[in-house]
Amino acid sequence: MGEPLMHPLGLLAEVTHRCPLGCPYCSNPIALESRADEIDAVTWARVFAEAADLGVLQVHLSGGEPTARRDIVEITAAAHSARLYTNLITSAVGVTEKMLAALAEAGLDHVQISIQDANAASADRIAGYDGAYVRKRALAAAVVRLGIPLTVNAVIHHANIDRIADVVDQAVALSASRVEIAHVQYYGWALANRAKLMPTRQQVEHAVDRVEALRERYRGIIVIDAVVPDYFARYPKACLGGWGRRSLNVSPSGKVLPCHAAETIPGLEFWSVREHSLSDIWHSSPAFNTFRGTDWMKEPCAGCSRRLEDFGGCRCQALALTGDARATDPVCHLSPYHDLVADLAEQRDEAPYIYRRFRADRTTAAEIAKVG
Ligand code: SF4
Ligand code: FES
């Protein structure tokens, strides 16, 4: 395997797939899990306690929109009681100041608010929700007033990449301590919208230069997290730090996944917190062990000196692009499929977005299958 089994540091708790927004790059699966299947707050409390025992330090309360759950305060308090650092990843829509105060009282340590653009009309169009932009700004101000550290997360793509500087300026104006420039990763809904979201190479190069200038300008004021987007990079990234190495995701129904797109890989068996402890799942579940370490690798990864650095890139991306989850991530210039990435990076269209819609998920899944 190449290295001893490590303990996870982060737990992504996808407490619900319900969400008022319809972002066309959402990383949730096309087949969203229903409210009726969601695990209850008592089960979440057990999961958090088991996560802490396993060595997890941080829990990211996410979704969907986590505050769509009426018991989100109880869930947050349980994570806090387990001595986990709690980060709420929210769209801000539907979060009242009263709810935020209750979350703070429950021990919430950090808030991450997504913004879709620095321009209100464009931001609302991307989110598929009129008025979202104004609500996000209002919640960000309330977070700062309560003294909770704030991160602004901006997913970057063709429609907003030319306003990266405005996005960072906005994060500074909102008194965020960190801004994440997160280029779209093409899984789930983003894969179905890939040709609409893909920036041009020229846009990406300008954005990289701008980020460098912004880092200089805002040194000591805001931390800017940004990496070169996958399709324009020479090497892939170690997806989530390597499969089954540093993090785990728990889905709304309690399935434990090594990454958010793992269910796209056929043949993997995912265990649930309903039947197993988190420790059992981390150490023994088939899904976590399938791509752990390096034994599963084919050439060129198997003989490559970087294999313990990037772990062959992303399994879900390898599957989506080559049909083989064991293949080298085609983002790598050493992959025999690398030309495919270069070709796809040139393909774009201006058709309307396919928005992620919770209620229409089953119908939309069929439509998406035709598109993708
Ligand atoms: Fe990473 Fe595999 Fe490419 Fe080597 S061949 S750099 S291990 S993806
Ligand atoms: Fe699944 Fe990268 S998203 S391994």
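Values in this document were obtained by computation on a predicted structure and should not be read as measured data. We count ligands from 1, going down the list as the structure has it; atoms in each ligand are counted the same way.
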Does Arg274 have more than 12 heavy atoms from other residues, nucleotides or ligands lying within 6.0 Å of its CZ?
yes

Using the six-membered ring of Trp296, assess whether NZ or CZ of Arg307 lies under 6.0 Å from its centre and within 45 degrees of the ring axis.
no

Arg306 charged N/C atom sitting above Tyr235 aromatic ring, 6.0 Å / 45°
yes

May I ask you to decide whether Arg326 forms a salt bridge with Asp324, counting only side-chain N to carboxylate O separations under 4.0 Å?
no

Should Asp169 and Arg217 count as an ion pair when the cut-off is N to O under 4.0 Å?
yes

CG of Leu191 to CD1 of Ile30, rounded to nearest 0.5 Å, is 8.0 Å

Are any of the side-chain heavy atoms of Arg292 and Leu5 separated by less than 4.5 Å?
yes

Are Glu212 and Arg215 within salt-bridge range, i.e. N to O under 4.0 Å?
yes

Among the protein atoms near atom 3 (Fe) of ligand 1, how many are N, O or S and lie under 2.8 Å away?
1

Counting no waters, what protein N/O/S atoms lie under 2.8 Å from atom 2 (Fe) of ligand 2?
Cys239 SG, Cys314 SG

Aromatic ring pairing Tyr25/His157, orientation class (parallel under 30°, perpendicular over 60°, tilted between)
tilted

